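Since the structure comes first, as structure tokens, the remarks are kept for the end.
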Protein chains: 2
Amino acid sequence: MDMSPAVEVVEVGPRDGLQNEIVVLPTARKVELVNRAVEAGVRRVEAVSFVHPRRVPQMADAEAVMAALPRRDDVRYIGLVLNERGLDRALAAGVDEVNVVVVASDTFGRRNQGTTTDEGVAVWSRIAGRAREAGLRAGVTIAAAFGCPFEGTVPAERISEVAARVAEAGPSEIALADTIGVGVPTQVTDRLARVRAVAPGVPLRCHFHNTRNTGYANAVAALTAGVTTLDASVGGIGGCPFAPAATGNIATEDLTYLLDGMGVASGLSSEALARLGTWVGEQLGKPVPALLGRAGPFPG
Amino acid sequence: MDMSPAVEVVEVGPRDGLQNEIVVLPTARKVELVNRAVEAGVRRVEAVSFVHPRRVPQMADAEAVMAALPRRDDVRYIGLVLNERGLDRALAAGVDEVNVVVVASDTFGRRNQGTTTDEGVAVWSRIAGRAREAGLRAGVTIAAAFGCPFEGTVPAERISEVAARVAEAGPSEIALADTIGVGVPTQVTDRLARVRAVAPGVPLRCHFHNTRNTGYANAVAALTAGVTTLDASVGGIGGCPFAPAATGNIATEDLTYLLDGMGVASGLSSEALARLGTWVGEQLGKPVPALLGRAGPFPG
């Protein structure tokens with residue numbers, strides 16, 4: 001079982017994790033979440049999204065969160081943007097990089113952000129151009145890269161095609177997102193190979209949800225396929241307001257346990273993250289899907 | 001990603017799944033559970049254990065369950081036994097095969113069944129001999145094959161040694177059990193190779209718990225290592241009365257979803273199993289850990 005000796009875990013809890021939660025956390029709590037994640041070793045955080053506050057109320061304080069986050073040379077904050085208005089806000093807020101979502105299925109794209117895939121690619125290209133002019137790193141996420149809650153399985157050929165088109169604008173990274181947690185390891189291997197073929201040299205990142213208990217197996221498949229950047233959310237919280245029954249991201253603490261056991265360095269403390277996951281559950285008033293905090297210490 | 005085109009899933013819910021539950025199901029409900037699993041495609045069931053009713057009250061009606069189960073030529077019922085008294089009961093009850101547990105760590109072995117590993121191997125050898133005389137298939141499970149709740153990580157060398165010794169008695173199958181859900185895929189690959197090396201030709205089976213969210217990734221690792229028999233419990237219920245914080249087996253319905261997605265035939269219906277998992281939760285008065293029933297149908 002061959003994989004990189006080290007991986008980067010992007011903490012997406014503050015954005016993808018929280019966005020679907022009805023309990024809106026005060027800005028100070030969000031900042032505390034990011035700070036504690038950084039203390040636990042996280043060095044790249046999807047901190048906020050610049051979307052319309054009526055669409056995603058949890059993200060209404062994105063500017064305030066960004067203003068309150070301590071800046072460190074070794075920590076990068078990502079802001080998710082879906083349109084040029086979002087980019088303007090991200091630039092003003094001083095994010096370290098922007099991530100743009102292009103949805104691989106038209107139906108979900110329209111519901112999620114009001115664009116078909118074609119329109120999403122066009123928006124991404126304009127944002128990528130403007131980000132480049134501004135000297136800002138811009139990556140792109142292909143969402144619903146395995147399945148769409150409305151259209152079903154998204155064909156692998158569709159992912160190749162979308163990846164080829166988003167690659168034209170020169171992304172700093174392409175992420176494949178299993179937004180609704182329907183993918184399986186063989187698909188991960190296959191789709192990553194296809195994306196590599198049409199976007200050679202572009203760093204790849206994977207984003208898995210554990211909706212059907214395939215998320216961690218998919219993460220291992222991505223690692224064995226050579227991916228070295230994985231998204232996770234502390235506590236395993238998450239979902240998508242515009243995808244029915246979508247549930248949490250893979251949990252940062254459980255992913256860290258898995259990586260530690262396989263001897264893959266991440267720089268993260270699974271113990272600190274498990275405590276943070278429990279804290280997140282307390283803030284949200286419900287148990288989190290992560291299991292490490294419940295399993296308790298193992299004297300291994 | 002190479003794996004067998006077909007696997008056998010052993011439904012262990014009626015035994016390993018239920019044994020740790022405080023709610024004792026009536027015999028008729030246990031029989032219904034088995035019947036519905038068989039209707040969903042299961043062809044091999046760990047139906048009961050023949051242990052002391054004071055130690056595991058849930059299994060006190062093992063004989064009654066076996067007597068009530070419909071017999072079919074294409075369905076095999078396993079009875080778990082820990083000593084010769086258990087074998088006597090299993091023989092009288094007419095099981096199709098017995099499974100004997102040898103614990104790879106002394107501390108857990110003493111707590112679980114009152115024997116050290118050495119003593120467990122000796123018990124297994126006697127049972128294997130008597131089962132052979134009786135014309136009964138006898139397999140052996142190496143429990144705590146990745147970690148012990150009291151001693152921590154169990155060294156891989158220890159597993160090779162135990163496997164070599166249990167192989168001497170001619171098991172029909174050797175199962176590696178991650179009783180407390182601490183293993184990771186690289187360990188699965190390594191330990192399976194070690195067991196194969198010391199027990200060439202003996203069919204292998206794997207038994208994973210999802211205590212720390214590594215269970216399904218471990219299942220995929222076992223499949224890619226050539227294992228074609230996996231344990232799972234419908235609903236993902238389970239645990240061990242003698243291992244603190246041990247939680248559920250991998251869920252049969254979620255495993256089936258994973259196998260279906262990878263094109264691995266199991267003969268199981270994930271939809272029927274997801275409904276059965278929900279039913280199990282209703283019987284136990286709590287939600288089950290399986291996720292497929294919660295995620296709902298995917299139009300994939």
Side-chain angles (χ1 to χ4, degrees), chain A residues 1 3 146-154 180-190 209-221 223-225 236 244-248 250-251 253-255 257-264 270 274 289-292 294-300, chain B residues 1 3 146-154 180-190 209-221 223-225 236 244-248 250-251 253-255 257-264 270 274 289-292 294-300:
Chain A
M1 204 174 249
M3 54 187 88
F146 295 83
C148 161
F150 310 105
E151 297 180 19
T153 301
V154 173
I180 57 166
V182 293
V184 296
T186 46
Q187 290 177 319
V188 172
T189 309
D190 174 54
H209 284 249
N210 197 40
T211 317
R212 289 164 181 81
N213 257 328
T214 63
Y216 299 88
N218 288 343
V220 173
L223 292 171
T224 54
T247 52
I250 57 172
E253 56 269 53
D254 294 358
L255 177 63
Y257 177 87
L258 179 63
L259 295 171
D260 285 350
M262 296 193 297
V264 177
S270 65
L291 296 181
L292 200 63
R294 274 184 250 175
F298 171 60
Chain B
M1 203 174 250
M3 54 189 86
F146 295 83
C148 163
F150 310 104
E151 297 180 18
T153 300
V154 172
I180 58 167
V182 293
V184 296
T186 47
Q187 291 176 318
V188 172
T189 308
D190 175 52
H209 283 249
N210 196 40
T211 317
R212 289 164 181 82
N213 257 329
T214 63
Y216 299 89
N218 288 343
V220 174
L223 292 172
T224 53
T247 52
I250 57 172
E253 56 268 54
D254 294 358
L255 176 63
Y257 177 87
L258 179 64
L259 294 171
D260 285 351
M262 297 193 297
V264 176
S270 66
L291 296 181
L292 199 63
R294 275 185 249 175
F298 171 60

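Chain letters run A, B, ... following the sequence lines, proteins first and then strands; every chain starts at 1. Given the structure is predicted, the values throughout are model-derived calculations rather than measurements.
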Against chain A, label B:Val220 side chain, backbone, both or neither, depending on which of its atoms sit under 4.5 Å from a heavy atom there.
-> side chain
In terms of heavy-atom pairs under 4.5 Å with chain B, the winner among A:Pro185, A:Pro149, A:Gly147, A:Gly261 is A:Pro185
Counting heavy-atom pairs under 4.5 Å to chain A, which of B:Thr189, B:Asn210, B:Val154, B:Leu255 comes out on top?
-> B:Asn210
Output for pair (A:Leu292 CG, B:Thr214 OG1), nearest 0.5 Å, gives 10.0 Å
Between A:Asn213, A:Val184, A:Leu291, A:Thr186, the one whose heavy-atom pairs under 4.5 Å with chain B are most numerous = A:Asn213
Under 3.5 Å: donor-acceptor pair, side chain of A:Tyr216, backbone of B:Gly215 | no
Say you draw a straight line from CD1 of A:Ile180 to CZ of B:Phe298; how long is it, rounded to the nearest 0.5 Å?
-> 4.5 Å
